[in-house]
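Remarks on the structure that follows.
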Amino acid sequence: MTSPEMKRPPQPDFIIGGAPKCGTTSLHFILDQHPEIAFPTDEVNYFDADDPFNWPDLFFERGGRLDYRDPAPENTETRDWYRAKYAALGDMALLGEDSTRYLFSPMVAHRVKQRLPEAKVIFMLRDPVKRAYSEYWHAMKMMRVTTSFEGALTALPQIVAGSTYAPHLQQWIDVLGRDRVHIVLLEDFKTDRQAVMDGIARFIGVEPFSLEGYELWFNKTSYPGKPKLMQWVNALVGRRVSRLRYMGHMRRNTGLREKLANRLYQFYFHKVNPLLLTADRPPEMNPETARYLSRLLSDRNAGLDALLGRDLSEVWSSWSPATTPTTTTDDKDKSMAAQ
C-alpha cells in the first residue's frame, strides 16, 4: 500500500537484473548513495520467485502439497509485499530494484513489460569463466556446495547457466526494446568507474554525478581455508540451514516457524559459518577445467560480440569465440561428388 506522503507509484523505475557475481552489489550501493535514488535493502527477487530453476530455495513441500511464492498480479499477499518495499522508501525521484537472476528467467522480461511498462533494466556481465568460478565460491559461502568445483558444474546447473548471457540478453532486448536495456562489463567498471556510472546515470534519467566521496566497492568475499572441510560441514549441517533463509521471503505476515528459522539461519551464517572462511583468495582453478569452460561458455555465448558491438577477446582472457570450420580437401571432394 502507498504511504500517505508518497505521491509516486510504489514500484521501481529501473532494475539491476543480473548477472550475479558481476559487481551488481557495488552498483546497487553506489546508486543508493545518490540523494535522488533509493533501493530496498536486499535483493527483491519478485518476478522470478516461482521459477524453480532460479530459486529452488523458495519451494517447499508441505504434507504432499507444493508451497511456493506466487508473484501473479492477483495474488494480494505477494503483490502487497512488493509494493510495501517501495512505499517504505518515500517519494524519491527514482526507485531501483536489485534482483540478479532476472536475466536468466525466460518469463521475467514479459512480466516486467506488462507490469512495469516504463521500467529500464541494467545488466552487468563479466568474463564468463571467472564469473562461474566466483559463483561456486559464493555458493560455498552460502552453504549450498558439498562438492568440488568440477562436481558442482553438474550438481548446480545455475553455475553454467549464470554465465550464459547472449540468448537471455537478446530476449530482453526483443521484449523491452534496445532503449530500455543497458549492458555494462565489470571489467570496464573496474577500469573506469566514473565513465561507466556516467552512462548508467544518463540511462536511468539522472544527471551524471561525481563519485568523489562515494564508497565504491562492496561485498568482499572470504573463502574457506580448508575447502574439503567446508564441503563436509555443508553436507552435514550447512545445506539444511541454508534452506531456512527464504522461509519468510515474500510473506507479509510470518509466523513463529518462519521467525525461528530466520534466527537459526542468522546465527549459523554470521557466527558459525565465518569460522571456516579464513582465506582471502580461492585456490587456482584446474587448468583443464578452465580450458573446458572457456570453449563451452564461449560457444554458449555465440553472437555476444555482435550484440555488444565489441571484440570481447580484448576484455575477457577466457573468451574463445567459435571460428568458421576450415574446409578440407576431403570435404571439397565429397561436395563435388554429391553434385
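All residue numbers refer to positions in the sequence shown, counting from 1.
- Summarising the geometry, atom CD1 belonging to I159 is positioned 11.0 Å from atom NE2 belonging to H138; distances are rounded to the nearest 0.5 Å.
- More than 12 heavy atoms of other shown residues, nucleotides or ligands fall within 6.0 angstrom of atom NZ in K85.
- E135 places a side-chain heavy atom less than 4.5 Å from the side chain of K21.
- Among R144, R245, R101, the one residue that satisfies the salt bridge (charged side-chain N to carboxylate O under 4.0 Å, His left out) test with D57 is R144.
- Judged by distance alone, with hydrogens and angles left aside, the side-chain atoms of R111 form a donor-acceptor pair with the main-chain N or O of F47 at under 3.5 Å.
- Within 6.0 Å of OH in Y68 there are 12 or fewer heavy atoms belonging to other residues, nucleotides or ligands.
- In this model, a donor atom of one side chain and an acceptor atom of the other lie less than 3.5 Å apart for W55 and D48.
- Remark: side-chain polar atoms of Q194 are paired, donor with acceptor, to backbone N or O of F209 under 3.5 angstrom.
- Classification of the W137-Y133 ring pair by plane angle, with boundaries at 30° and 60°, yields perpendicular.
- The shortest side-chain heavy-atom distance between Y136 and L153 does not fall under the 4.5 Å cut-off.
- The shortest side-chain heavy-atom distance between P20 and F104 falls under the 4.5 Å cut-off.
- Annotation: H182 is not in aromatic contact with F123 [ring centroid separation under 6.0 Å not met].
- Counting only distance, with no hydrogens or angles, the side chain of D70 and the backbone of N75 share no donor-acceptor pair below 3.5 Å.
- Residue-environment remark: CZ (R65) stays at or below the threshold of 12 foreign heavy atoms within 6.0 Å.
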TODO: List the steps, then state whether side chain to side chain contact (heavy atoms under 4.5 Å, CB included) holds for F189 with V184.
DONE: CA-CA 8 Å; F189 182 68; V184 299; 5.9 Å; no
Pairs of donor and acceptor atoms involving the side chains of residues 231-238, under 3.5 Å and at least two apart or interchain, shall be tabulated with distances.
| unit_1 | atom_1 | unit_2 | atom_2 | d |
| --- | --- | --- | --- | --- |
| N234 | ND2 | M140 | O | 3.3 |
| N234 | ND2 | V145 | O | 2.9 |

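- Side-chain atoms of Q158 come within 3.5 Å of backbone N or O of F53 as a donor-acceptor pair.
- Not a single donor-acceptor pair under 3.5 Å links the side chain of N45 to the backbone N or O of S99.
- Rounding to the nearest 0.5 Å gives a distance of 8.0 Å between OH of Y165 and CG of L297.
- The heavy-atom pair separating K113 from V175 by the smallest distance is CD-O, 3.5 Å.
- Judged by distance alone, the side chains of D174 and Q170 do bring a donor and an acceptor atom under 3.5 Å apart.
- With salt bridges taken as basic N to acidic carboxylate O contacts below 4.0 Å, one links D13 and R8.
- Follow the hydrophobic side-chain contacts under 4.5 Å out from L229 and you reach F149 in the same cluster.
- Using a 4.0 Å cut-off between charged nitrogen and carboxylate oxygen, R310 and D188 count as a salt-bridge pair.
- Rounding to the nearest 0.5 Å places CD1 of I204 at 11.0 Å from CG of L95.
- Within the 3.5 Å criterion, the main-chain N or O of F29 finds a donor-acceptor partner in the side chain of Q33.
- Counting only distance, with no hydrogens or angles, the side chain of H249 and the backbone of V44 share a donor-acceptor pair below 3.5 Å.
- Atom CZ in R115 sits 5.0 Å away from atom OH in Y46 (nearest 0.5 Å).
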Task: Residue pair L260, L244: steps toward the side chain to side chain contact (heavy atoms under 4.5 Å, CB included) verdict - done: CA-CA 9 Å; L260 289 175; L244 304 177; over 6 Å; no
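- With contacts defined as side-chain heavy-atom distances shorter than 4.5 Å, the pair N273/V241 does not qualify.
- The two residues V129 and D127 have their closest heavy-atom pair at N-OD1, 3.0 Å.
- Contacts of R126 classified as salt bridge (Lys or Arg N to Asp or Glu O under 4.0 Å), with partners at least two apart in sequence or in another chain: none.
- In this structure, L58 and D51 have side chains that are not in contact, with every pair of non-hydrogen atoms separated by 4.5 Å or more.
- In this structure Y268 satisfies the ring-ring contact (aromatic ring centres under 6.0 Å, His included) test with no other residue, sequence neighbours excluded.
- In summary, R69 and D67 engage in a salt bridge, as defined by a charged side-chain N under 4.0 Å from a carboxylate O.
- Closest approach of L211 and M197 over heavy atoms only: CD1-CG, 3.8 Å.
- Other residues, nucleotides and ligands contribute over 12 non-hydrogen atoms within 6.0 Å of the CG atom of D192.
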- [ ] Please assess L276 against Y223 for the test side chain to side chain contact (heavy atoms under 4.5 Å, CB included), listing each intermediate value before the final yes or no.
- [x] CA-CA 8 Å; L276 299 167; Y223 301 90; over 6 Å; no
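- In plain terms, the two heavy atoms of L116 and P12 that are nearest each other are CD1-CG, 3.8 Å.
- S320 and R295 are linked by a side-chain donor-acceptor pair at a separation below 3.5 angstrom, with hydrogens and angles left out of the test.
- Of all non-hydrogen atoms in P157 and T154, the two that sit nearest each other are CD-O, 3.8 Å.
- In the hydrophobic clustering of ILVMFWY residues, with side-chain heavy atoms under 4.5 Å counting as a link, W319 and M285 come out apart.
- The existence of a salt bridge linking D179 and K120 is excluded, since no basic side-chain nitrogen approaches an acidic carboxylate oxygen closer than 4.0 Å.
- Relative orientation of the F269 and Y265 rings is parallel, given thresholds of 30° and 60° on the angle between their planes.
- The same ILVMFWY cluster, assembled from side-chain heavy atoms under 4.5 Å apart, contains both I200 and L216.
- When atom types are taken as modelled, the side chain of S298 and the backbone of S294 share a donor-acceptor pair closer than 3.5 angstrom.
- With contacts defined as side-chain heavy-atom distances shorter than 4.5 Å, the pair I122/I15 does not qualify.
- The backbone N or O of V206 lies less than 3.5 Å from no partner atom in the side chain of E36, so there is not a single donor-acceptor pair.
- Here the side chain of N301 pairs a donor or acceptor atom with the backbone of S163 at under 3.5 angstrom.
- Within a 6.0 Å sphere centred on CD of E61, other residues, nucleotides and ligands contribute more than 12 heavy atoms.
- Distance OG1/T24 to CG/L186: 9.5 Å, rounded to 0.5 Å.
- Both L277 and M142 are members of a single hydrophobic cluster when ILVMFWY side chains are connected at heavy-atom separations under 4.5 Å.
- Between S313 and D305 the shortest heavy-atom distance is N-OD2, 4.5 Å.
- Remark: the Y82 side chain and the E97 side chain contain an N/O donor-acceptor pair separated by less than 3.5 Å.
- Separation of atoms CG (L27) and CG (D98) is listed at 8.0 Å; rounding is to 0.5 Å.
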- [ ] Dump the intermediate steps for side chain to side chain contact (heavy atoms under 4.5 Å, CB included) on D280 and T221, then the final yes or no.
- [x] CA-CA 8 Å; D280 293 327; T221 301; over 6 Å; no
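- Taken together through direct or relayed side-chain contacts under 4.5 Å among Ile, Leu, Val, Met, Phe, Trp and Tyr, W316 and V160 form parts of separate hydrophobic clusters.
- Taking the six-membered ring where the residue is Trp, the centroids of F203 and F14 are separated by 6.0 Å or more.
- Counted within 6.0 Å of OH on Y292, heavy atoms from surrounding residues, nucleotides or ligands total 12 or fewer; the atom is thus considered open.
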